[in-house]
Amino acid sequence: MINIGEYNTLEILRDTEPGLFLGDADENEVLLPNRYVPEHFEIGDSIDVFIYLDNEERIIATTDKPYIASGEFAVLRCNDVTNYGAFLDWGLVKELFCPFKEQAFPMKKGGWYLVHCYLDEKTERLVASSKTNRFLNNTELTVSEFDEVDLIISHPSDIGMNVIVNNKHFGLIYKDNIFQDLSIGDTLKGIVKKVRPGNKIDIALGKVGYRNIEPNADMIMKVLEDNSGFMPLHDKSSPEAIKEQLQMSKKNFKKAIGTLYKKKLITIKEDGVYLK
């Protein structure tokens, strides 16, 4: 089966005037236009292509890689807005359509928006939606406490930053756990800190509890080594100074230098930390 909106590995069947015809095991075929034909190929070779509908609504293959595929989230730029909806740049010749009904807020030309891409089963067209929450569900979680997860920054709230967890679930990073600048659409790693009643997921950027000590200690060692064995921070330094220099909470900083001190790797003095 040739899947629209996804990468497919297909066999090169024949070379024709408009391009290469590719096929799958079920004898379905699709055209790879000349502009995407590789310089060297043999009939019978396998080739990885992305499948979508062209401007004439014909199924087509391309070796270009879009910024987003079906079932994914990404921040895309709005190229134009017409009477039908918005058209987004997703890295392919034909722009990705976002109907007005799928816009959380009216899109404007030149704006950047976090969207979800999905296949409209009625039209078999790929479309975008900035109403991203409706594509997430926490009813049945596929993550547990202390799992490392992939995150996409979704939108801010009064108590922190909402995130998309593993492209499937809602999550939240509380303000007091944020020690770096975050923007909508940023992708990063995190840890499931806690699962609260109602399957609400609390996320931490970094490791949790005792798991957080070693990575932070290792980072401090690297900072010391890069700065002639000295760091002008200590256990009496302000949380703001620690956050500015290390993107770390004071609590985690004290745990980390405590670990290093016990291992006799550092000396803590009034003016800062020294590497032994």
Side-chain angles (χ1 to χ4, degrees), residues 1-8 50-53 65-78 85-86 88 90-91 96-107 111-178 182-209 211:
M1 183 176 180
I2 296 177
N3 298 308
I4 298 174
E6 301 177 18
Y7 292 96
N8 293 246
F50 184 80
I51 304 296
Y52 72 115
L53 300 183
K65 295 185 177 181
Y67 307 141
I68 190 173
S70 182
E72 295 180 348
F73 298 85
V75 173
L76 302 180
R77 182 181 185 275
C78 177
L88 312 178
W90 64 322
L96 184 62
F97 180 57
C98 183
F100 289 120
K101 67 177 182 179
E102 291 296 339
Q103 298 176 25
F105 301 98
M107 292 183 173
W112 292 82
Y113 302 93
L114 176 64
V115 299
H116 178 80
C117 178
Y118 69 97
L119 182 66
D120 186 324
E121 295 181 355
K122 293 182 180 179
T123 63
E124 291 193 337
R125 297 175 183 173
L126 290 170
V127 294
S129 174
S130 61
K131 297 180 178 180
T132 54
N133 282 356
R134 73 183 187 88
F135 300 96
L136 303 172
N137 195 314
N138 283 28
T139 303
E140 294 184 10
L141 295 183
T142 59
V143 298
S144 303
E145 290 186 1
F146 304 119
D147 283 355
E148 184 178 61
V149 291
D150 293 315
L151 304 174
I152 301 174
I153 303 302
S154 178
H155 58 279
S157 75
D158 293 337
I159 56 176
M161 190 70 76
N162 291 285
V163 293
I164 297 169
V165 181
N166 286 352
N167 269 340
K168 296 179 180 179
H169 307 306
F170 304 94
L172 177 69
I173 308 172
Y174 285 96
K175 285 181 178 179
D176 57 1
N177 285 319
I178 298 176
L182 299 175
S183 300
I184 294 173
D186 284 352
T187 58
L188 62 164
K189 296 286 187 179
I191 299 294
V192 177
K193 183 177 182 180
K194 185 178 182 180
V195 177
R196 294 184 284 114
N199 283 350
K200 296 179 180 179
I201 304 173
D202 292 348
I203 296 292
L205 297 179
K207 303 295 183 183
V208 177
R211 304 163 190 245

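For the pair Val163/Ile173, a side-chain contact is recorded, criterion being any heavy-atom separation below 4.5 Å from C-beta on. Inter-residue side-chain proximity for Thr132 and Val115 is flagged as unmet; no heavy-atom pair is nearer than 4.5 Å. By the 4.5 Å heavy-atom criterion applied to side chains, Ile68 and Leu96 are counted as neighbours. Side-chain atoms of Val165 and Ile203, non-hydrogen and from C-beta on, do get closer than 4.5 Å to each other. By the 4.5 Å heavy-atom criterion applied to side chains, Asn137 and His169 are not counted as neighbours. Taking 4.5 Å as the limit, some side-chain heavy atom of Ser154 sits within range of a side-chain heavy atom of Leu114. For the pair Tyr7/Lys65, a side-chain contact is recorded, criterion being any heavy-atom separation below 4.5 Å from C-beta on. The shortest distance between side-chain heavy atoms of Leu126 and Ile4 falls below 4.5 Å.
Side chain of Asp202 to backbone of Lys194: no donor-acceptor contact under 3.5 angstrom is found.
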side-chain contact (heavy atoms from CB on, under 4.5 Å) for Val75 and Tyr113? Distances and angles first, verdict last.
CA-CA 5 Å; Val75 173; Tyr113 302 93; over 6 Å; no
Could you walk me through whether Asp186 and Ile152 pass the side-chain contact (heavy atoms from CB on, under 4.5 Å) check?
CA-CA 6 Å; Asp186 284 352; Ile152 301 174; over 6 Å; no
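His116 and Phe135 have parallel rings, their planes meeting at less than 30° on a 0 to 90° scale where 60° marks the start of perpendicular.
Inspection of the Tyr118 and Glu102 side chains reveals an N or O donor paired with an N or O acceptor under 3.5 Å.
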